[in-house]
Number of protein chains: 2
Amino acid sequence: MIERHLLKLRLRDKIDAAEEAALRGTIVDTVVHAAGRTIVRAGEELNYSTLLLDGLVGRYKDLKNGQRQITHVHVAGDFADLHGFTLKRLDHSLLALTPCTIARASHTRLREITETLPHLTRMMWYSTNVDAAIHREWEVSLGRRSAIQRAAHLFCELHVRLGVVGLADENGYGLAISQAELAECLGLTPVHVNRVLRELRERSLVEFRNGRVSFQDLPALRRLAEFDPGYLYLTPQPL
Amino acid sequence: MIERHLLKLRLRDKIDAAEEAALRGTIVDTVVHAAGRTIVRAGEELNYSTLLLDGLVGRYKDLKNGQRQITHVHVAGDFADLHGFTLKRLDHSLLALTPCTIARASHTRLREITETLPHLTRMMWYSTNVDAAIHREWEVSLGRRSAIQRAAHLFCELHVRLGVVGLADENGYGLAISQAELAECLGLTPVHVNRVLRELRERSLVEFRNGRVSFQDLPALRRLAEFDPGYLYLTPQPL
DNA sequence: CGGTAAGTTGACGTGCGTCAAGTCTCGTGG
DNA sequence: CCACGAGACTTGACGCACGTCAACTTACCG
């Protein structure tokens, strides 16, 4: 159930049996959402946080003119809104980018964890801090990288993050989203994303096709994107 | 000393005397940095977090070609890297944008807080979550807003945040940074920032001059930026 | 009073947006 | 089995917001 989440946490630090049980105990139910559905709407009051078991979820914000910006993409094993535990309402919405299975973690039980299990509390805090680090890296992409570098960087990031939970290998991974959604992540138009994907393909770096990312030259792709996975904090560190 | 930080926390929830004392007790020393100095370099191992007492600090990331992106601007009363407590090293650097006074909060003592004061721990967690919300809003600016809207949005955000700690009034506030640094926040070139500032001035919205932001028509500026302060989470909420 | 950094402006270039006309894919119903 | 409609994707022609380059002004400081 929450194995993929545990997998990620344990890459950073030990989680003992009591902690694991407490974490499992936060889950009150499991829900399935169809692709394209908004799971949580910005501003609504929350009593639970969303743990993604399977599928892809995006955090997004709408603009008045109908455009939107996806600010983060979550993969299986991620808490999509653990920050909602302290914020109580979200400044963004959550969108199912693919069909999704989610588990809902009760804020009441998360609160009990913060009262009784300080080490696990630090681990949860750590998780939200890594999310923020990802936001920062996306700011760099949006502010300073060219369209082709942004796309390349995103493909590299998702490769590492999906790899951690066993959903990617050295050749690629499944990414069943449309070019329009990719455009919303990258701060570009769908038309330009299409041109950029063609260039990445023609330069024999990556192919994005039929909901799949296939690497042709990963080292060159990483060089193009100036990708350095340090910001994902996947190295062991006792908390 | 840490009054401005307490001011912000207390806008959200009560902090009792024991909690206040514990927070004060984390501070081990105070340091002054000249404008332009890098306070913490990306990647270095940290034993303390940086609480900004006075001045402005930017979080930034460098790119290979010498460009850089500022991903967050901190005002007096902000912890600039409380997330460093769980991350142990930063994925970004910290820059003194103006002369700065900072207090350093020992990670050992912060850890003690997480062991003994769960409510204060949640408040600290909350602080880092608001930082992440600000990162998200900047992603929206960088990805989807025009140059003039980005500038307008930043001026509105800093107005609210400086207002909370008593450093802004309805007419404006001090912001002693260069146009080049503004450009690094906004993902633009200094030349274009200069043109945008001229347009904001000619349209009688804001003036940015001699290290000061002076509003001429704040409601119109907020409309232009589509500014909604909800993402700053400045409303009371028991944690 | 000279030097240096910050700000200003104009001419021109370009990466990405816009608009519009396709094509391809696939699910549905006749 | 084919017809058809709806999305998603693709491509070309053209436009514009912002970048680049370079010259100049202003402010400040020793």
Side-chain angles (χ1 to χ4, degrees), chain A residues 34-37 56 63 65-69 97-99 141-154 174-203 206-214 224-225, chain B residues 34-37 56 63 65-69 95-99 141-154 174-203 206-214 224-225:
Chain A
R37 273 285 302 281
L56 293 169
L63 284 100
N65 64 7
Q67 290 190 97
R68 63 183 182 187
Q69 176 68 38
L97 291 167
T98 65
S141 275
L142 293 166
R144 292 287 177 219
R145 291 199 251 257
S146 67
I148 195 167
Q149 284 181 306
R150 285 183 219 181
H153 200 280
L154 180 58
L175 186 73
I177 68 175
S178 68
Q179 293 183 4
E181 287 160 338
L182 209 46
E184 290 177 333
C185 295
L186 301 176
L188 299 169
T189 57
V191 173
H192 200 66
V193 164
N194 184 279
R195 291 193 264 250
V196 160
L197 291 174
R198 168 154 49 116
E199 187 173 348
L200 286 169
R201 194 183 333 121
E202 287 173 353
R203 286 169 65 175
V206 234
E207 194 158 355
F208 176 63
R209 220 181 180 68
N210 303 323
R212 219 194 134 66
V213 172
S214 310
L224 170 64
Chain B
R37 273 285 303 279
L56 293 169
L63 283 99
N65 63 8
Q67 291 190 99
R68 64 184 180 186
Q69 177 68 39
L95 169 72
L97 292 166
T98 65
S141 276
L142 293 166
R144 292 289 177 217
R145 289 199 252 257
S146 66
I148 195 167
Q149 285 181 306
R150 284 183 221 180
H153 200 280
L154 180 58
L175 186 74
I177 68 176
S178 68
Q179 293 184 4
E181 287 160 338
L182 209 46
E184 290 177 331
C185 294
L186 300 175
L188 298 170
T189 56
V191 172
H192 200 66
V193 164
N194 183 279
R195 291 193 265 251
V196 160
L197 292 174
R198 167 154 50 117
E199 186 173 347
L200 286 169
R201 192 181 335 119
E202 286 174 354
R203 286 170 63 176
V206 234
E207 194 158 355
F208 176 64
R209 219 179 181 69
N210 302 324
R212 217 190 137 68
V213 173
S214 309
L224 170 65

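For the residue pair B:Ala35 and B:Leu97, the shortest heavy atom distance occurs at CB-O, 4.0 Å.
Without hydrogens or angle criteria, B:Arg144 side chain to A:Arg68 main chain gives a donor-acceptor distance under 3.5 Å.
Distance CZ (A:Arg209) to P (D:dA8): 17 Å, rounded to an integer number of Å. Atom C1' of nucleotide D:dC9 and atom CD1 of A:Ile177 are separated by 14 Å, given to the nearest angstrom. Remark: P of D:dA8 and CD of A:Gln179 are 11 Å apart, rounded to the nearest angstrom. Taking atom CG of residue B:Asn210 and atom P of nucleotide C:dG7, one finds them 10 Å apart after rounding to whole Å. As a whole-Å value, the separation of A:Glu184 CD from D:dA8 C1' is 14 Å. The nearest whole Å value for the distance from the CG atom in A:Asn194 to the C1' atom in C:dT18 is 15 Å. Rounding to whole angstrom units, CG of residue A:Leu197 and P of D:dA8 are separated by 15 Å.
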Derivation and outcome, side-chain contact (heavy atoms from CB on, under 4.5 Å), residues B:Leu154 and B:Arg150:
CA-CA 6 Å; B:Leu154 180 58; B:Arg150 284 183 221 180; over 6 Å; no
Scan nucleotides 16-26 of chain D nucleotide by nucleotide, 5' to 3', and note B when protein non-hydrogen atoms come under 4.0 Å of the base, S if they reach only the sugar-phosphate, - if neither.
--BBBB-----
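Taking a 6.0 Å sphere around CZ of B:Arg212, one finds it holds more than 12 heavy atoms contributed by other residues, nucleotides or ligands.
The OG atom of B:Ser141 sits 10.0 Å away from the CD atom of A:Gln69 when rounded to the nearest 0.5 Å.
Checked options B:Arg198, B:Arg203, B:Glu199; the residue passing with B:Arg201 is B:Arg198 (criterion: side chain to side chain contact (heavy atoms under 4.5 Å, CB included)).
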